[in-house]
Amino acid sequence: ALLPSRGAAARASLDGSYWRAFCSSELVSGADFPVTDLTFAPAPAAATSSSPTLAAAWYTSLHLSGDPLQSLHRISVAGDLAFSLSFRYDGALLACGDKRGIVRVFRADKPATGAALRTLRAHAIETRVVRYPVAGGDKLHLLTAGDDALLAYWDVPSETPVFTIPFAHKDYIRGGAASPADHNLFATGSYDRSVKLWDARTGNAGPSLSFSHGELVESVLFLPSGGQLATAGRSVVKIWDVIGGGRLVHSVESHVKTVMALALGKMATTGETRLLSAGFDGYVKYFDFGKLKITHSLRHPQPLLSVACSPCGTVLVAGSAKGKIYMGKRKKKAVDEEEEAKKAGSGEIVWVSPEPEQPVLKPNYFRYFLRGQNEKAKEGDFVIEKPKKVKIAEHDKLLRKFRHKEALVSALVKNNPRNGVAVMEELVARRKLVRCIGNLDTEELGLLLEFLRRNATLPRYARFLLGVANKVVEMREEDIRSDDKLRMHIRNLKRMVGEEIQIQHTLQGIQGMISPMLALAAR
């Protein structure tokens with residue numbers, strides 16, 4: 001197995017260490033029915049108990065639990081699939097839609113009753129968007145939208161719509177959000193790729209703002225300031241400036257498959273808020289919309305349809321398309337360390353020198369490409385050896401550049417018979433040896449004659465080198481006669497050839513004496 005990379009930036013970040021402190025467990029397991037929505041009760045209601053209240057829309061029922069670690073209390077939704085949960089701002093009421101377009105309102109503080117307090121009927125088919133106002137203390141109104149492209153603003157106590165907008169979009173309305181800055185403002189997203197901002201004070205006069213996401217919109221969410229809006233469509237999450245007229249601020253393309261849900265997650269240690277996106281690829285991505293970068297990611301074994309984080313930031317849940325809810329709760333050790341740090345901070349000042357932060361290596365540093373070279377292979381590791389660089393001889397470099405005479409001279413200077421003969425044979429193949437011999441000056445011709453004198457009698461190269469010697473004498477006869485050094489080389493070559501002929505005659509005589517003796521011994 002290859003060694004894992006130790007230079008990941010997420011391991012050194014505060015966000016990565018915070019979200020990794022969540023201990024994961026499986027909360028609900030049953031038949032393969034999707035968990036369409038998850039939501040927590042708002043902070044005021046959650047603060048009255050030690051654990052946040054979780055609501056889940058699973059198959060044909062709602063599930064409520066004051067402690068996410070315990071089993072969920074079931075509330076039936078009349079045999080139809082449940083969608084889009086929404087708590088009232090005080091956490092006392094919970095509304096949801098179903099597949100037949102009916103919106104029901106339940107008592108969240110007394111789930112044992114199980115009966116709906118109010119039933120709102122206006123949609124013909126699935127109601128995918130049900131939203132209570134978040135800001136302003138409005139307890140009476142509710143926004144709904146569905147696959148029939150109808151938008152309705154309800155007076156819940158009287159079960160009558162304040163106004164309705166048919167064909168608010170040209171296709172299914174699948175995403176909706178209430179503004180945290182004004183209880184009259186709502187945003188919706190549709191499969192017609194558009195996102196629209198509505199003001200309840202203007203009634204059915206039309207949208208206050210409209211812009212295109214570019215893909216089928218699955219989820220819409222206001223950021224905490226209320227001035228920015230996050231939209232999810234296909235594998236892209238986009239941040240929009242609502243105050244600036246729908247200007248695109250940033251686009252995040254970190255998912256491989258469709259992003260199904262968006263949520264806000266608060267970090268208990270720093271109080272900062274992160275944008276969470278759950279996708280059909282099984283990933284939950286954590287996005288810092290202040291620095292505009294992904295800070296962490298978490299993989300689940302099944303496709304995800306919903307995600308939610310508790311207001312206190314200690315519980316994280318994700319709902320899958322196959323009937324499972326994955327719950328993550330911060331480890332007790334990490335929470336205890338944070339509480340001790342807060343208690344210590346409230347007393348006397350402890351003078352501790354801060355640890356220097358180790359800079360994260362990036363590809364624009366030279367050391368980034370040298371990391372890991374000093375690591376030694378352990379037992380069982382697969383080691384990839386770097387191939388050794390082959391050193392090319394000088395005459396080979398010259399031959400590649402077609403500098404034939406210089407290549408021949410370079411091989412003769414080295415006085416290596418193997419390289420010298422190889423270069424000559426290459427020149428013969430290129431039909432350049434005769435021209436090279438004719439272009440040699442006096443000193444270079446002397447090197448060639450000296451090479452022939454030393455190696456012409458070697459049995460391996462004798463036939464080839466003697467042919468070269470005859471060609472040299474034939475071509476450069478006038479130069480040899482006019483130069484004393486060249487004549488001396490020729491005399492030495494002639495004497496060497498004569499000695500070789502005499503040795504050959506002697507060997508032939510010995511062979512003639514041995515042959516009859518070998519023939520008699522064979523008989």
Side-chain angles (χ1 to χ4, degrees), residues 384-523:
I384 301 176
E385 296 182 356
K386 185 178 181 180
K388 296 181 179 179
K389 188 176 181 180
V390 180
K391 188 176 180 180
I392 302 176
E394 183 66 23
H395 56 268
D396 287 332
K397 295 180 182 179
L398 295 172
L399 284 174
R400 291 182 178 183
K401 298 178 181 179
F402 301 97
R403 296 161 65 177
H404 302 115
K405 190 189 81 168
E406 297 176 9
L408 177 60
V409 173
S410 176
L412 295 175
V413 170
K414 300 296 183 181
N415 199 19
N416 187 336
R418 181 178 179 182
N419 293 339
V421 174
V423 172
M424 293 182 187
E425 289 178 345
E426 178 64 22
L427 293 177
V428 170
R430 298 187 183 188
R431 299 182 180 181
K432 299 295 182 182
L433 181 59
V434 175
R435 180 173 296 181
C436 290
I437 294 174
N439 294 333
L440 294 175
D441 57 18
T442 304
E443 294 182 1
E444 296 168 348
L445 186 59
L447 290 174
L448 178 58
L449 293 175
E450 180 65 19
F451 179 84
L452 294 173
R453 183 190 69 81
R454 290 174 178 270
N455 306 301
T457 57
L458 296 177
R460 186 175 181 181
Y461 312 118
R463 181 184 297 275
F464 178 76
L465 291 181
L466 287 176
V468 174
N470 291 331
K471 197 67 177 177
V472 170
V473 174
E474 178 183 348
M475 293 180 59
R476 306 300 294 270
E477 180 181 358
E478 295 181 359
D479 296 329
I480 294 172
R481 291 180 181 275
S482 60
D483 191 278
D484 295 336
K485 292 183 179 181
L486 296 179
R487 287 203 303 271
M488 182 183 65
H489 287 302
I490 290 297
R491 283 197 297 270
N492 294 336
L493 179 61
K494 183 179 179 181
R495 183 172 62 252
M496 180 271 301
V497 172
E499 292 174 357
E500 183 66 23
I501 292 174
Q502 185 177 357
I503 292 172
Q504 294 293 334
H505 286 316
T506 304
L507 291 175
Q508 287 179 355
I510 295 173
Q511 184 180 7
M513 291 185 290
I514 294 177
S515 296
M517 298 172 61
L518 294 175
L520 293 173
R523 292 178 184 177

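In what follows, every heavy atom counts, from backbone to side chain, and hydrogens, waters and symmetry copies are set aside.
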Show your reasoning for whether side chain to side chain contact (heavy atoms under 4.5 Å, CB included) applies to L399 and R430. CA-CA 10 Å; L399 284 174; R430 298 187 183 188; 4.0 Å; yes
Could you go through the side chain to side chain contact (heavy atoms under 4.5 Å, CB included) check for K405 and E444 one step at a time? CA-CA 10 Å; K405 190 189 81 168; E444 296 168 348; 3.8 Å; yes
Electrostatic pair E450:R453 at N-O distance under 4.0 angstrom: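 Salt bridge between E450 and R453, a charged N being under 4.0 Å from a carboxylate O: yes.
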Please round to the nearest 0.5 Å and tell me the distance separating atom [atom1] of [X] and atom [atom2] of [Y].
X: Q502; Y: L507; atom1: CD; atom2: CG; value: 11.0 Å
X: L445; Y: N439; atom1: CG; atom2: CG; value: 11.5 Å
X: M488; Y: L493; atom1: CE; atom2: CG; value: 12.5 Å
X: R487; Y: L449; atom1: CZ; atom2: CG; value: 13.0 Å
X: L466; Y: T457; atom1: CG; atom2: OG1; value: 8.5 Å
X: E500; Y: L458; atom1: CD; atom2: CG; value: 9.0 Å

Using modelled atom types and a 3.5 Å cut-off, is there a donor and acceptor pairing between side-chain atoms of [X] and backbone atoms of [Y]?
X: D396; Y: I392; answer: no
X: S482; Y: D479; answer: yes
X: R476; Y: L440; answer: yes
X: S515; Y: Q511; answer: yes

Taking all atoms of both residues into account, what is the closest heavy-atom pair of [X] and [Y], and its distance?
X: N455; Y: L465; result: O-CD1, 3.2 Å
X: V423; Y: L408; result: CG1-CA, 4.0 Å
X: M513; Y: P516; result: O-CD, 3.5 Å

Could you give me the CA-CA distance, side-chain angles and deciding distance for M424 and Y461, then say whether side chain to side chain contact (heavy atoms under 4.5 Å, CB included) is met? CA-CA 11 Å; M424 293 182 187; Y461 312 118; over 6 Å; no
Show the numbers, then the answer: is there a side-chain hydrogen bond (donor to acceptor under 3.5 Å, both in side chains) between Q508 and Q504? CA-CA 6 Å; Q508 287 179 355; Q504 294 293 334; 5.4 Å; no
Using the side chain to side chain contact (heavy atoms under 4.5 Å, CB included) rule, take L398 and E394 through it: C-alpha gap first, then chi angles, then the decisive distance, then the call. CA-CA 6 Å; L398 295 172; E394 183 66 23; 4.2 Å; yes
I'd like to check the salt bridge (Lys or Arg N to Asp or Glu O under 4.0 Å) partners of D441; sequence neighbours left out, ordered by chain and number. none
